[in-house]
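Both ligands and their constituent atoms are indexed starting at 1 by order of listing. Residue indices begin at 1 and follow the sequence shown. Heavy atoms only: backbone and side chains are in, while hydrogens, waters and symmetry mates are out.
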Amino acid sequence: NLSACSSKLAFMHPMWQEPLAIPGGDRQSPIDIVVRKSVFDPQLRPLKVQYDPRTCQQIWNNGYSFLVEYDDTTDKSTVKGGPLEDQFRLCQFHFHWGENNAWGSEHSIDRRLFPAELHLVHWNSDKYSLFEEAVIEENGLAVIAVFLKIGKRHEGLQKLVDALPAVRHKDSLVEFTKFDPSCLLPENIDDYWTYAGSLTTPPLTEAVTWIVMKRHIEVSHDQLAVFRSLLFTSAEEQVQRSMVNNFRVQQAVKGRTVRSSFT
Ligand SMILES: Cc1cc(=S)c(O)co1
Ligand SMILES: [Zn+2]
């Protein structure tokens, strides 16, 4: 059973054929974070992340990325604190990456792009009872973003990498359990930027409090090569297309302030 947090986004049209106009569209994501323009906010508290590996259920290739989906029917895997007023429940994580190591991330730091970016997607379970409800509300979602750099092999990621060939094609799904996504967070999660933004795939709703980690994690070239061996296309399609460059173009900041939790 696909957890609700992604089934509704499955049939959206491919995200890089940008829909012409987004209703409102003054808090779209991703953006370039200009460090010297970010504002230190001493009221930002440390982030409190509590993930239970037993809530991990499956991996699904939805034709844009692969989603590692969690049981979000209880408050077992949550994030709170930081810029968040409420408690948010983990429903899935996924990545965005490039065809080579020169680009792939959605956000950038002073125009610096990374080869890939992890998104841990959570929805506000204090205010809403389903992901679908939260995804259209301005305080509905919280996404933690972590940049990936090419370097030493990430031991915790390997279990996930080994499962990817089973979800090579769009709409394929494999059971995947007992994975603790906190192994994908940098040691220091106290240093981050935060701003009000949107989903980066349709429906592009302006529901996301973004929490972009200052510190990156390292994965090996070979591990990222397995991400690139995935396909956008389903097994039946004549022409197969490699799943690469699944990031959205950067959006205008439009007067928004990016706050930092550090000086
Ligand atoms: C819910 C969701 C969030 C992001 S950031 C994404 O890429 C897809 O779906
Ligand atoms: Zn994403």
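In this structure, Tyr51 and Tyr70 have side chains that are not in contact, with every pair of non-hydrogen atoms separated by 4.5 Å or more.
In this structure, Arg248 has no heavy atom closer than 4.0 Å to ligand 1. Using a 4.0 angstrom heavy-atom cutoff, Thr201 counts as in contact with ligand 1.
Under 4.0 Å from ligand 1, not a single heavy atom of Phe93 appears. Counting heavy atoms under 4.0 Å from ligand 1, residue Glu106 does not touch it at all.
Between Ser260 and Trp193 the shortest heavy-atom distance is CB-CD1, 3.8 Å. Across all their heavy atoms, Leu160 and Phe93 have their closest contact at CD2-CE1, 3.7 Å. Nearest heavy-atom pair across Trp60 and Ser172 is CD1-O, 3.3 Å.
Which parts of ligand 1 touch Gln92 is read off a 4.0 Å heavy-atom cut-off, strictly below it: atoms 1 (C), 2 (C), 9 (O). For ligand 1 and Leu199, the ligand atoms under 4.0 Å from any heavy atom of the residue are 1 (C), 2 (C), 3 (C). Distances below 4.0 Å separate heavy atoms of Thr200 from the following atoms of ligand 1: 5 (S), 7 (O). In summary, the atoms of ligand 1 found under 4.0 Å from a heavy atom of Phe131, numbered by their order in the structure, are 1 (C).
The pair Lys127-Asp86 meets the salt-bridge criterion, since a charged nitrogen lies less than 4.0 angstrom from a carboxylate oxygen. Salt bridge Asp52/Lys76: absent, no basic N to carboxylate O contact under 4.0 Å.
Among the atoms of His96, some N or O lies under 3.5 angstrom from an N or O of ligand 1.
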Side-chain polar contacts of residues 110-120 - donor-acceptor pairs under 3.5 angstrom, sequence neighbours left out - could you list them?
residue : atom : partner : partner atom : Å
Asp110  : OD1  : Val35   : N            : 2.8
Arg111  : NH1  : Gln250  : OE1          : 3.2
Glu117  : OE1  : Glu106  : N            : 2.7
Glu117  : OE1  : His107  : N            : 2.8
Glu117  : OE2  : His107  : ND1          : 2.8
Glu117  : OE2  : His119  : NE2          : 2.7
His119  : ND1  : His94   : NE2          : 3.3
His119  : ND1  : His96   : NE2          : 3.0

Please list, one pair per line, the donor and acceptor atoms closer than 3.5 Å that link side chains of residues 137-151 to other protein atoms, with sequence neighbours excluded.
residue : atom : partner : partner atom : Å
Asn139  : OD1  : Tyr128  : OH           : 2.6

> Hey, mind stepping through Arg215 and Asp191 against salt bridge (charged side-chain N to carboxylate O under 4.0 Å, His left out) and telling me if it holds?
Replying inline: CA-CA 7 Å; Arg215 301 243 172 1; Asp191 291 358; 3.1 Å; yes
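Each protein N/O/S atom under 2.8 Å from the Zn ion (ligand 2) was counted, for a total of 3.
If you check each of Glu117, His119, His122 against atom 5 (S) of ligand 1, the one with the closest non-hydrogen atom is His119.
Among the candidates Asp126, Asp71, Asp75, the single residue satisfying the salt bridge (charged side-chain N to carboxylate O under 4.0 Å, His left out) test with Arg89 is Asp75.
Listed by chain and residue number, Phe66, Phe227 satisfy the ring-ring contact (aromatic ring centres under 6.0 Å, His included) test with Trp97 (two or more places apart in sequence, or in another chain).
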